[in-house]
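Encoded as structure tokens, the structure appears first; notes follow it.
All of these numbers come straight from a predicted model, not from anything done at the bench.
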Amino acid sequence: MRIGYPCINRSIGCSAGRTFRLANYSFQRLIDTIDLNLGCLDEILHDNLANGFLFHRISSDIVPFASHPVCTVDWQSRFADAFAGLGEFVRTHKMRISMHPDQFTLINSPNRDVFERSLRELAYHSDVLDLMGLGADARIQIHVGGIYGDKPAAIDRFVRRYKGLDERISRRLTIENDDRLYTFADCVRIHERVGIPIIFDNLHHGINCSGEPLLEVFAKLSQIWTGRIGIPMTDYSEPLPGGRSGRHAEQIDTGAFHRYLSDTAGYDFDIMLEIKDKEKSAAAAVQIAAEDPRLVIM
DNA sequence: CAGTGTCAAGGTGGA
DNA sequence: TCCACCTTGACACTG
């Protein structure tokens, strides 16, 4: 079990996801921004190691506008050494990396343009992980997509499109149960058709639930995640107290997290903490898990 | 310099 | 058919 937080470290003083407005795009600005972002990612990973956070999600903004037509820079070659260095650090310390393209990445959209743009976005994410030299345990997570008025057809389209993906992308792609449209059971049905692994999100499962008790979910996950793709990746979050459905809590509820660990005893998996205060709650989580035999110690 | 409108990209659901 | 809403952070403009 490894614990981490997504993208942003609030105390380190830099961001690995700096970007700028498209209107201000220039070759130099892009190069400078990527350079700063990679430098900051290096700082973040070192800080994570020092604090026992061996799981990290890299911001999709690490290379701004990477999949946009405006970007004609060969950033892959230009920053190959920097990415390779970061990857070596990750591998040396047995860290795990994920990326999460945002809501515009839709494999199953009936709109061909949306699909094509999504392919370019996924190719960019694959580039980052490939340049880092990471194995198939480094994953790209997306949601299944929209319903478009006909869920079975939308699922069929996902399956068809997935089968046609370049292996370079499909080897890393992973679906996550979302909070409105596709439940864990939906994801399992898709998995059974094409073998794509599932990232389990506990908060989404609470809001958009297909009924499986936690232990049933984890039994399934450990069947799915074996071999080269590693142990299950999961997202853990808690609802914002008194907030609207789906909002994430400001800080971790240590009691709830402790219960979650107890409830899942016997299953090993990695936890991405989607809590607003990021590394602060991650530190609390590591402390809570300190006596858990599953936690990986550096 | 603080405050705030807006940002590449989509989809759903209510009017 | 149109519009608000989803969620997040931060860029960059305004005064």
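- Within 4.0 Å of A/Arg10, counting heavy atoms only, lie sugar-phosphate atoms of the nucleic acid but no base atom.
- Taking atom NZ of A/Lys276 as the reference point, atom C1' of C/dT7 lies 8 Å away to the nearest angstrom.
- With a cutoff of under 4.0 Å to any heavy atom of chain A, the contacted region of DNA chain B is bounded 5' to 3' by B/dG5 to B/dT12.
- Regarding A/Tyr5, its OH atom lies at a distance of 16 Å from the C1' atom of C/dG9, rounded to whole Å.
- For A/Asp178 and C/dT7, the CG to C1' distance is 14 Å, given to the nearest whole Å.
- Between A/Lys278 atom NZ and C/dA10 atom C1' there is a gap of 13 Å when expressed in whole angstrom units.
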* Tell me, with the steps shown, if A/Phe20 and A/Phe65 meet ring pair (Phe, Tyr, Trp, His ring centres under 6.0 Å). => CA-CA 9 Å; A/Phe20 49 86; A/Phe65 304 106; 5.4 Å; yes
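- Checked for salt-bridge contact, A/Arg29 and A/Asp32 miss the test: no charged N lies under 4.0 Å from a carboxylate O.
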* Derivation and outcome, side-chain contact (heavy atoms from CB on, under 4.5 Å), residues A/Thr234 and A/Trp225 -> CA-CA 11 Å; A/Thr234 65; A/Trp225 294 82; over 6 Å; no
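- When ring centroids are compared, A/Phe89 and A/His46 come within the 6.0 Å threshold.
- Distance noted for atom P between B/dT12 and C/dT7: 16 Å (whole Å).
- Of all the residues in residues 95-119 of chain A, not one reaches under 4.0 Å from DNA chain C with any non-hydrogen atom.
- Every residue was checked against the side-chain hydrogen bond (donor to acceptor under 3.5 Å, both in side chains) condition with A/Thr33, not counting sequence neighbours, and none meets it.
- Using P as the reference atom, C/dC6 and B/dG3 are 25 Å apart when rounded to the nearest Å.
- Rounded to whole Å, the distance from NE2 on A/His143 to C1' on C/dC6 is 11 Å.
- Put simply, CG on A/Asn9 is 11 Å from P on C/dA10, counting in whole angstrom units.
- Across B/dA8 and C/dC13, the matching P atoms stand 12 Å from one another, rounded to whole Å.
- For DNA chain C, the neighbouring residues in residues 18-30 of chain A, judged by any heavy atom under 4.0 Å, are A/Thr19, A/Phe20, A/Arg21, A/Asn24, A/Arg29.
- A/Arg2 places a side-chain N or O within donor-acceptor distance of the main-chain N or O of A/Lys94, the cut-off being under 3.5 Å.
- Residue A/Ile207 holds its CD1 atom at 8.0 Å from CG of A/Asp201, rounded to the nearest 0.5 Å.
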* For DNA chain B, what string of dots and brackets results from 5' to 3' when Watson-Crick and G-U pairs need both distances under 3.5 Å, crossing pairs get [ ], and pairs with another strand get |? -> |||||||..||||||
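- Checked for salt-bridge contact, A/Arg112 and A/Glu116 meet the test: a charged N lies under 4.0 Å from a carboxylate O.
- Here the separation of B/dG5 from C/dA4, taken at their P atoms, is 15 Å to the nearest Å.
- In this structure, CG on A/Leu49 lies 14.0 Å from CD1 on A/Ile44, to the nearest 0.5 angstrom.
- Among the protein residues, A/Phe65 comes within range of the nucleic acid bases, having at least one heavy atom under 4.0 Å from a base atom.
- Looking at A/Trp75 and A/Asp127, their side chains come closer than 4.5 Å, going by heavy atoms from C-beta outward.
- Residues in residues 9-46 of chain A take part in these disulfide bond (SG atoms under 2.5 Å apart) pairs, two or more places apart or across chains: A/Cys14-A/Cys40.
- With respect to the salt-bridge test (charged N to carboxylate O, under 4.0 angstrom), the residues A/Arg57 and A/Glu274 qualify.
- Rounded to whole Å, the distance from CG on A/Leu203 to P on C/dT8 is 10 Å.
- Electrostatic pairing of A/Arg193 and A/Asp156 counts as a salt bridge here, judged by a charged N lying under 4.0 Å from a carboxylate O.
- A cation-pi arrangement is present between A/Lys151 and A/Tyr182, with the terminal nitrogen or guanidinium carbon under 6.0 Å from the aromatic centre and inside a 45° cone about the axis.
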